[in-house]
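For reference, the structure is listed below as structure tokens.
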Protein chains: 2
Amino acid sequence: MSEVQQVSRRRGGRQARQALRAAPKTEDARPVRAGLDGGSFKPLKESDIFRIHEAALTVLETVGMADAPPSCIDYITKAGGILADNGRLLFPRALVEDTLAKAARKFVLHGQSPEHDLEPWGSKVHFGTAGAAVSIVDPFTKQYRHSNIQDLYDLSRLADRMDNIHFFQRMVVPRDLPEPADMDFNTCYASVSGTTKHVGSSWVNPKHLEKSLEMLHYIAGGEGKWRARPFVSQSNCFVVPPLKFTEDACACLEVAVRGGMPVLLLSAGQAGATSPAALAGCIVQEVAEVLAGLVYVNAIKPGHPAIFGTWPFVSDLRTGAMSGGSGEQALLSAACGQMAQFYDLTGGAPAGMTDSKLPDAQGGYEKGYNHALAANSGLNMIYESAGMHASLLGACFESLVIDNDSIGAVLRTVRGIEISEDSLSVEAIRQVCTQGPGHFLGHDQTLSLMETEYVYPQVGDRTSPKEWVEQGETDAVEKAHKKVREVLSTHYPRHISDKMDEEIRARFDIKIDRADMTAGNGRWERSA
Amino acid sequence: MSEVQQVSRRRGGRQARQALRAAPKTEDARPVRAGLDGGSFKPLKESDIFRIHEAALTVLETVGMADAPPSCIDYITKAGGILADNGRLLFPRALVEDTLAKAARKFVLHGQSPEHDLEPWGSKVHFGTAGAAVSIVDPFTKQYRHSNIQDLYDLSRLADRMDNIHFFQRMVVPRDLPEPADMDFNTCYASVSGTTKHVGSSWVNPKHLEKSLEMLHYIAGGEGKWRARPFVSQSNCFVVPPLKFTEDACACLEVAVRGGMPVLLLSAGQAGATSPAALAGCIVQEVAEVLAGLVYVNAIKPGHPAIFGTWPFVSDLRTGAMSGGSGEQALLSAACGQMAQFYDLTGGAPAGMTDSKLPDAQGGYEKGYNHALAANSGLNMIYESAGMHASLLGACFESLVIDNDSIGAVLRTVRGIEISEDSLSVEAIRQVCTQGPGHFLGHDQTLSLMETEYVYPQVGDRTSPKEWVEQGETDAVEKAHKKVREVLSTHYPRHISDKMDEEIRARFDIKIDRADMTAGNGRWERSA
């Protein structure tokens with residue numbers, strides 16, 4: 001190639017690059033997106049998975065569950081369960097196997113906008129939030145202050161704008177609403193008002209859930225439309241590990257199932273405290289407990305959408321405190337991803353928590369390896385993946401933005417390496433080395449891949465030290481804070497129109513002012 | 001169990017716990033250590049690996065390498081290589097296959113202390129440093145200052161005390177030594193003086209290497225003892241990608257091979273710049289280049305220890321700048337781990353770099369997912385894994401300590417989940433649920449596993465927000481800095497005795513004062 005050709009080619013390259021970057025990208029052309037196929041990380045061998053399954057069946061058949069409330073006993077004994085003399089409810093192997101045969105598979109988790117519908121099955125990976133933090137972390141002042149309903153709404157609309165956060169489960173407890181009825185109802189309201197992504201929420205009393213369902217019917221345009229596209233799922237702790245049902249949650253579960261609301265069957269044993277310290281045993285107990293929940297759901301209504309929510313946590317055995325950022329946690333969550341795939345059920349587990357109180361280096365690396373291993377296991381629904389600190393005690397706006405970048409990079413690793421005649425690049429190498437300029441910078445292949453194969457962080461910094469100094473030496477928290485303010489001072493979603501909101505307020509006791517859900521209220525506009 | 005029994009059991013538990021923690025742990029009883037078996041993360045399928053291998057052979061056979069110096073041409077054409085009319089050296093498939101048949105396998109990388117000997121083969125994982133940073137990062141002032149020979153020595157002895165850093169390859173360029181001869185020699189001297197772990201270093205001129213070998217013979221106690229246990233390997237960039245030999249490095253390579261020094265055959269193509277933007281093609285070129293190096297080494301001396309150093313880097317294609325912290329980087333390094341296992345060669349690649357200029361949240365998460373995926377691929381030698389910033393332009397003392405914790409947790413994930421009758425815990429679950437206290441805190445299994453199965457960070461913080469406030473709200477950098485000062489004010493290794501050092505100084509031009517290598521010099525004692 002002559003020098004003139006090279007120059008012209010390079011200029012063509014620049015033009016092509018500009019054109020590419022100017023064109024709006026469709027979801028499919030993005031380098032990463034919801035539902036990429038994982039499964040390249042397999043901490044458990046196939047024989048291990050089978051042994052865990054067998055052990056879980058033995059536990060269910062011989063140890064069973066304590067404290068089942070009457071309606072639960074009724075449903076499960078009618079299905080084939082046995083109430084033992086010691087009061088424990090036993091699950092014969094055949095009952096569990098029958099349940100697995102009829103359990104719901106390949107159900108969509110809907111968004112209020114269809115563009116956010118999720119198909120969480122196989123080894124397809126989705127990241128989202130979750131948690132019941134009681135504090136908001138201010139990384140500048142290092143203060144933990146009580147979280148409130150406005151925070152929850154703000155977190156919801158911030159998550160709405162984070163490309164790699166695919167669903168929003170409520171992150172904080174609104175401590176300004178001490179009445180459980182207000183808290184449950186307004187948690188749901190604030191979440192569905194802030195985002196059109198699929199929402200997860202939680203209720204402590206079935207009456208609160210019934211009222212929330214009324215509101216959701218209204219937002220959906222009627223009960224039929226809600227049931228066709230339920231866009232809220234219930235995060236339900238039906239079990240207090242080890243192996244005990246909990247009455248209120250069981251009551252809420254029954255209402256959710258009858259009300260057409262998908263349920264996340266959440267068992268949150270903490271290894272070394274409420275589940276065995278041996279990681280294998282911790283998984284056995286998780287699987288047994290969630291299978292018990294699955295039997296219950298399917299006894300109420302066969303085929304009702306239920307997420308296999310094995311949520312193992314880890315203890316620091318020196319103190320008994322939870323350690324959500326540990327390597328042990330990453331292993332457990334990834335292994336749970338494999339167990340759900342074994343059952344061909346939609347699996348959910350936590351990954352991306354940290355024990356650090358701040359979005360510092362520790363917060364970063366703990367989230368990084370947990371994201372990477374859980375996602376590459378092919379876990380379908382990765383909860384608690386963004387914004388959480390102090391093993392779920394604190395939520396942080398800036399972290400939600402920072403974690404969105406970590407997740408984007410990890411999703412790129414889930415996507416993997418494409419192998420084809422073209423991508424193997426023998427011809428490109430030959431051209432560059434024997435005819436071309438000796439580098440690949442302006443090569444057609446490079447230009448064609450730059451927007452579709454490479455992920456660029458939203459706030460992550462890739463400048464040189466020199467440029468970085470010129471730009472003010474900002475760290476990750478400072479850059480994220482700028483993004484938080486940019487989004488939260490402008491993005492006030494109106495998928496629930498002012499008119500509809502007015503009618504909701506007329507029927508229900510909404511604890512957040514509409515003015516605080518409207519641009520120009522001054523909350524996020526003031527300078528840092 | 002009666003309440004009295006429970007209490008007594010709990011007390012027994014505390015005593016057992018104290019006894020366990022007081023006893024010194026042997027290396028085998030540590031929850032993580034050098035050489036754990038990876039291989040659970042497989043971004044490439046077997047057929048992918050074979051296609052990459054085939055493509056690399058085609059590249060070597062038909063495109064070959066440019067700019068081979070005369071002695072290299074001589075060695076390789078005698079072995080069966082062909083010098084083409086265009087001056088490129090071609091490697092017929094049979095030559096590569098013959099080389100692979102006779103290449104060194106299962107060679108130990110020695111430490112000066114045998115306790116640090118590494119056995120980097122199969123899918124056994126080792127973490128270490130590397131890099132040629134030109135700056136030291138001060139995370140408190142956000143300054144990048146020129147690195148010097150004292151920094152290198154200090155980094156070496158800090159790494160000596162970091163349990164999860166298994167080898168030390170020089171991290172910084174001593175910019176206070178502008179003469180290449182001084183730089184090469186003193187880099188080697190400072191590194192071997194600071195640590196008894198295996199050292200990697202680099203030379204720009206064969207004469208500098210010869211002089212360094214003299215010193216190494218002396219430290220070892222004679223050339224014979226050096227050759228029996230060579231404790232320094234040469235990091236050698238024999239190739240300037242794409243596919244060009246570089247003369248000085250080739251000369252150094254030949255001296256190393258003849259001198260019994262293991263070589264790291266390092267090809268550092270940067271995807272989208274000096275290697276193809278398609279990740280698969282980037283790996284093809286890496287593999288082809290390192291195979292060319294392997295042919296060269298084995299043509300000089302069959303079976304000489306050589307590390308398969310496919311070091312792919314990534315470009316940010318918007319700017320052409322290197323992005324060592326990206327998700328693409330994690331994929332490439334992990335895939336290279338798989339390629340080395342395919343050839344049954346000792347593989348080395350980088351993981352744990354970051355584009356962040358500081359040990360902040362970005363620095364953390366980029367390191368976290370890169371550590372996790374490279375290690376779980378079973379990559380034998382993970383370079384650049386600690387202390388590096390700004391895509392290798394800066395090295396940071398505090399980061400070395402922070403990264404040691406990240407690596408410890410990741411090594412726990414490499415160790416995986418033990419599956420056995422005991423670990424599956426059916427009996428433990430039965431006891432706790434039907435006879436015991438309803439929790440696992442004081443259970444025998446928990447006590448027996450707390451020191452052998454769970455990794456505790458050295459500086460990572462797991463306190464509650466309340467305790468954290470009481471303890472002064474320290475972040476990761478502040479805690480790490482304390483550790484840095486604690487180690488560097490006290491740990492002045494004397495495996496090279498004062499007497500031997502004096503004799504070395506009499507024979508060679510050492511550019512670092514012995515006083516600065518001796519406790520009480522005031523460098524690290526002064527308050528922060």
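Bear in mind the structure is a predicted one, so any value in this text is a computation, not a measurement. Chain A is the first sequence line, chain B the second, and so forth, proteins listed ahead of strands; every chain is numbered from 1.
Of the listed residues (L411(B), V426(B), D316(B), T354(B)), the one with the most heavy-atom contacts under 4.5 Å to chain A is D316(B). Options A390(A), P242(A), P43(A) differ in how many heavy-atom pairs under 4.5 Å they form with chain B, and the most are formed by P242(A). Note: A361(B) leads G408(B), S420(B), A361(B) in heavy-atom pairs under 4.5 Å with chain A. Most heavy-atom pairs under 4.5 Å with chain A: of the set G363(B), A330(B), S323(B), P241(B), this distinction falls to S323(B). The candidate with the highest count of non-hydrogen atom pairs below 4.5 Å against chain A, out of A480(B), A280(B), G327(B), is A280(B). Per-residue counts of heavy-atom pairs under 4.5 Å with chain B were compared for S40(A), P139(A), A334(A), A372(A); the largest is that of S40(A). Contact count against chain B (heavy-atom pairs under 4.5 Å) is highest for L373(A) among V59(A), L393(A), L373(A). With respect to chain B, the highest number of heavy-atom pairs below 4.5 Å among K42(A), K244(A), R88(A), R462(A) belongs to R462(A). When P359(A), G368(A), A321(A) are compared by the number of non-hydrogen pairs under 4.5 Å with chain B, G368(A) comes out ahead. Contact count versus chain B (heavy atoms, under 4.5 Å) is highest, among G416(A), C282(A), G320(A), G272(A), for G272(A).
Contacts between A273(A) and chain B at a heavy-atom distance below 4.5 Å involve backbone atoms as well as side-chain atoms. Only the backbone of S356(A) comes within contact range of chain B, with heavy atoms under 4.5 Å apart. If you measure heavy-atom distances from Q285(A) to chain B, the contacts under 4.5 Å come from both the backbone and the side chain. For chain A, the nearby parts of E473(B) are the backbone and the side chain; heavy atoms of each come within less than 4.5 Å. Neither the backbone nor the side chain of V477(B) comes within contact range of chain A; no heavy atoms are under 4.5 Å apart. Residue V414(A): no heavy atom, backbone or side chain, is found under 4.5 Å from chain B. Only the backbone of S315(A) comes within less than 4.5 Å of a heavy atom in chain B; its side chain stays farther off. Only the side chain of E478(B) has a heavy atom closer than 4.5 Å to any heavy atom of chain A. Residue contact with chain A, scored on non-hydrogen atoms closer than 4.5 Å, involves the side chain of L44(B) exclusively. V455(A) touches chain B through backbone and side chain together, each having a heavy atom under 4.5 Å away. Contacts between D405(A) and chain B at a heavy-atom distance below 4.5 Å involve backbone atoms as well as side-chain atoms. Proximity to chain A is absent for every atom of S135(B), based on heavy atoms less than 4.5 angstrom apart. Of the two parts of A55(A), the backbone and the side chain both hold a non-hydrogen atom closer than 4.5 Å to a non-hydrogen atom of chain B. Of the two parts of Q143(A), only the side chain, counted from C-beta on, holds a non-hydrogen atom closer than 4.5 Å to a non-hydrogen atom of chain B. Heavy atoms closer than 4.5 Å to chain B are found in both the backbone and the side chain of E421(A). For T463(A), the parts lying under 4.5 angstrom from a heavy atom of chain B are both the backbone and the side chain. The part of L358(A) that comes within reach of chain B is its side chain, from C-beta onward, which places non-hydrogen atoms under 4.5 angstrom from that chain. Contacts between T274(A) and chain B at a heavy-atom distance below 4.5 Å involve the backbone alone (N, CA, C, O).
Using a 4.5 Å cut-off on side-chain heavy atoms (C-beta onward), I419(B) and K45(A) make no contact. Contact annotation: the side chain of L317(A) never approaches that of F440(B) to less than 4.5 Å [non-hydrogen atoms, C-beta and beyond]. Within the 4.5 Å cutoff, side-chain heavy atoms of L424(B) are placed close to those of R51(A). Side-chain atoms of Q329(A) and R412(B), non-hydrogen and from C-beta on, never get closer than 4.5 Å to each other. Side-chain contact between D355(B) and D461(A): absent, with no pair of heavy atoms (C-beta onward) separated by less than 4.5 Å. I283(A) has its side chain within reach of I417(B): a pair of non-hydrogen atoms, C-beta onward, lies under 4.5 Å apart. No side-chain heavy atom of P276(B) sits less than 4.5 Å from a side-chain heavy atom of H443(A). Annotation: side chain of L243(A) is in contact with side chain of I429(B) (closest heavy-atom distance under 4.5 Å).
G281(A) approaches S425(B) most closely through the heavy-atom pair CA-OG, 3.4 Å. The nearest pair of heavy atoms linking P465(A) to K357(B) is CA-CG, 4.1 Å. Between Y369(B) and A409(A), the shortest heavy-atom contact is OH-CB, 3.1 Å. Scanning both residues, V63(B) and C433(A), for their nearest heavy atoms gives CG1-CB, 3.9 Å. The two atoms that bring D475(B) and K142(A) nearest to each other are N-NZ, 4.2 Å, heavy atoms only. Taking each heavy atom of Y144(B) and W468(A) in turn, the nearest pair found is CE1-CZ3, 4.0 Å.
Between the CG atom of L331(B) and the CG atom of N376(A) there is a distance of 7.5 Å, given to the nearest 0.5 Å. Atom OG of S399(B) is separated from atom OH of Y365(A) by 11.0 Å, given to the nearest 0.5 angstrom. For the atom pair T62(A) OG1 and R430(B) CZ, the distance stands at 4.0 Å (nearest 0.5 Å). To the nearest 0.5 Å, atom CZ of residue F41(B) and atom OG of residue S377(A) are 11.0 Å apart.
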For this session: Dump the intermediate steps for side chain to side chain contact (heavy atoms under 4.5 Å, CB included) on K479(B) and Q362(A), then the final yes or no.
Result: CA-CA 11 Å; K479(B) 291 195 80 174; Q362(A) 179 190 349; over 6 Å; no

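Using a 4.0 Å cut-off between charged nitrogen and carboxylate oxygen, E328(A) and R415(B) do not count as a salt-bridge pair.
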